[in-house]
Amino acid sequence: MRVLVIGSGGREHALLDALSRDDSVTELHAAPGNPGTAAIATNHAVDQASGDAVADLAEELGVDLVVIGPEVPLVLGVADVVRARGIAVFGPSAAAARIEGSKAFAKDVMATAGVRTAHSEIVDSPAQIDAALDRFGPTWVIKDDGLAAGKGVVVTADRAEARAHAAELLEIGRPALFESFLDGPEVSLFCLVDGTTVVPLLPAQDHKRVGDGDTGPNTGGMGAYAPLPWLAPGAVDEIVDTVVGPVAEELARRGAPFNGLLYAGLAMGADGPAVVEFNCRFGDPETQAVLGLLDSPLGEALLATAIGRLADLPALRWRDGAAITVVLAAENYPGTPRKGDPITGADEPGVFHAGTAIDDRGRLVSAGGRVLNVVGVGGDLAAARADAYAKLGRIKLPGSHFRTDIGHQAL
Ligand code: GLY
């Protein structure tokens with residue numbers, strides 16, 4: 001099978017890496033890809049936001065499956081255009097991708113499906129901010145009601161900071177979504193979904209703050225680990241039965257069946273799981289860790305989902321042990337990152353490119369905030385951590401930083 005993966009981040013590099021281990025995958029293409037994906041796939045320039053451009057490329061390459069990694073093309077309806085050309089595509093329609101693209105839509109779906117989530121209100125005028133701050137908090141959760149790649153979220157006990165974030169969103173013309181704070185450890189559960197068949201992957205946990213000990217501002221994610229040794233047995237089934245299944249059914253009932261990867265971000269509170277957010281695609285950087293433990297052929301699983309045959313897929317097999325992803329970030333990230341610094345030591349299995357480029361001297365250089373995703377795998381979490389941090393020790397990037405405590409609390 002020939003597969004085309006759309007996207008250019010560490011998640012897409014890890015997807016391609018897992019696909020390259022599937023014997024049924026004979027040809028791998030990435031668009032646009034990155035310097036890391038070029039080593040295992042053929043990279044092609046494409047406008048990821050254009051359904052016609054992606055479908056034209058897929059036809060030209062004669063691929064059997066298109067896998068769309070990021071949320072932006074999904075929300076824009078790229079999967080719809082590819083599907084309409086008769087090409088199998090892993091990724092939801094624009095209508096179903098609204099589960100991520102509009103937080104207000106997601107709340108409505110969850111309310112109808114009876115799924116527990118935070119209480120929320122949309123604030124769309126500066127005059128409403130103070131009253132909303134009184135009704136929520138003292139831990140305030142304020143989100144951009146749209147796609148913000150994790151960075152539009154501020155969680156803070158500081159009223160002034162909360163106020164400033166809401167005001168900033170309104171100033172740039174974006175409604176601010178106020179949410180009640182959900183207590184409990186967070187879980188990211190990724191599920192393959194084709195309509196109403198739901199197959200969960202291993203549960204993972206993301207580390208969103210930039211600094212050790214969960215300090216500093218939120219980022220797109222600084223690391224992750226899987227599985228979660230502290231998660232109660234039966235919790236994954238409970239999440240599928242009470243959260244993901246009912247949401248998939250409600251989307252289908254609304255005429256927007258979900259096909260692809262439905263990502264439930266949950267807080268595991270004393271009363272059971274409650275939804276923090278849904279995403280319409282693989283999470284980043286959890287995917288890199290989760291796929292490090294997948295023993296089943298990934299291409300077969302994605303194709304079965306794409307063509308609506310998930311119910312026939314053999315049960316997924318997972319390696320014993322644990323995996324962690326550590327993000328190597330550029331100087332000043334999550335502020336404006338410094339770019340163009342040379343990178344050495346990155347040429348190792350389990351090192352995925354997220355923000356890299358080749359400069360005019362042919363050197364591998366940094367080109368984004370989160371530069372590399374380093375995945376360690378081992379018999380247990382301690383061994384996985386040792387593997388990842390040993391690899392990081394061999395990588396050199398001036399000014400870079402990473403968290404040293406990914407997965408540490410779970411130990
Ligand atoms: N891990 C957070 C995200 O993918 O949005």
Side-chain angles (χ1 to χ4, degrees), residues 5-15 48 67-75 90-92 97-103 106 117-118 141-155 177 179 182 185-193 200-210 214 216-228 239 244 260-268 275-292 323-329 333-334 352 354-355 368-375 402-403 406-407 410:
V5 175
I6 302 300
S8 62
R11 166 187 49 208
E12 287 75 31
H13 191 177
L15 284 164
Q48 297 181 63
V67 178
I68 302 178
E71 61 276 21
V72 172
L74 293 166
V75 168
F90 182 89
R98 289 181 74 206
I99 196 77
E100 174 165 3
S102 165
K103 298 205 163 45
T117 182
V141 181
I142 298 175
K143 301 181 175 177
D144 182 339
D145 180 44
L147 292 180
K151 284 172 121 191
V153 184
V154 161
V155 181
L177 188 90
E179 270 192 3
L182 292 173
E186 287 197 11
V187 172
S188 300
L189 186 68
F190 303 161
C191 297
L192 302 173
V193 174
L201 309 187
L202 290 183
Q205 191 181 53
D206 190 4
H207 293 56
K208 292 205 175 75
R209 303 266 183 182
V210 71
D214 287 328
N218 258 14
T219 68
M222 290 298 288
Y225 66 101
L228 307 176
I239 295 166
V244 183
L261 195 290
L262 190 51
Y263 163 150
L266 307 135
M268 300 302 288
V275 172
V276 177
E277 64 178 1
F278 269 106
N279 292 318
C280 67
R281 37 82 196 171
F282 280 98
D284 196 348
E286 300 97 308
T287 298
Q288 293 84 316
V290 169
L291 293 181
I324 84 163
T325 315
V326 184
V327 170
L328 184 71
Y333 179 79
F352 300 114
R370 293 186 294 169
V371 179
L372 296 172
N373 307 147
V374 179
V375 175
F402 57 86
R403 277 182 64 161
I406 304 301

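In this text the structure is predicted, and so the values were computed from the model without any measurement. Heads up: numbering here begins at 1 and tracks the sequence. Just so you know, ligand 1 is whichever comes first in the structure, and atom 1 is the first atom listed for that ligand.
- Between Lys208 and ligand 1, no N or O atom pair is found at a separation short of 3.5 Å.
- A donor-acceptor distance shorter than 3.5 angstrom exists from the side chain of Glu12 to the backbone of Gly9, with no hydrogens or angles considered.
- Contact between Arg281 and ligand 1 is present, with at least one heavy atom of the residue lying under 4.0 Å from the ligand.
- Legend: residues meeting ring-ring contact (aromatic ring centres under 6.0 Å, His included) with Tyr263, ordered by chain and number and at least two apart, are Phe190.
- For the atom pair CD (Gln205) and OH (Tyr225), the distance works out to 3.5 Å, reported to the nearest 0.5 Å.
- Nearest heavy atoms, Pro285 versus Gly221: CD-CA, 4.0 Å.
- Residue contacts with ligand 1: Tyr263 is included, with a non-hydrogen atom under 4.0 Å away.
- The distance criterion of under 3.5 Å between nitrogen or oxygen atoms is not met by Glu277 with respect to ligand 1.
- Put simply, CD1 on Ile239 and CG on Leu266 are 5.0 Å apart, with the number rounded to the nearest 0.5 Å.
- Separation of atoms CG (Leu74) and CZ (Phe90) is listed at 9.5 Å; rounding is to 0.5 Å.
- Ligand-side atoms of ligand 1 in range of Asn279: 5 (O), range being under 4.0 angstrom from any heavy atom.
- Here is the list of ligand 1 atoms found below 4.0 Å of a heavy atom in Asp206: 1 (N), 2 (C).
- Interface atoms of ligand 1 facing Gly283, defined by a heavy-atom separation under 4.0 Å, are 4 (O).
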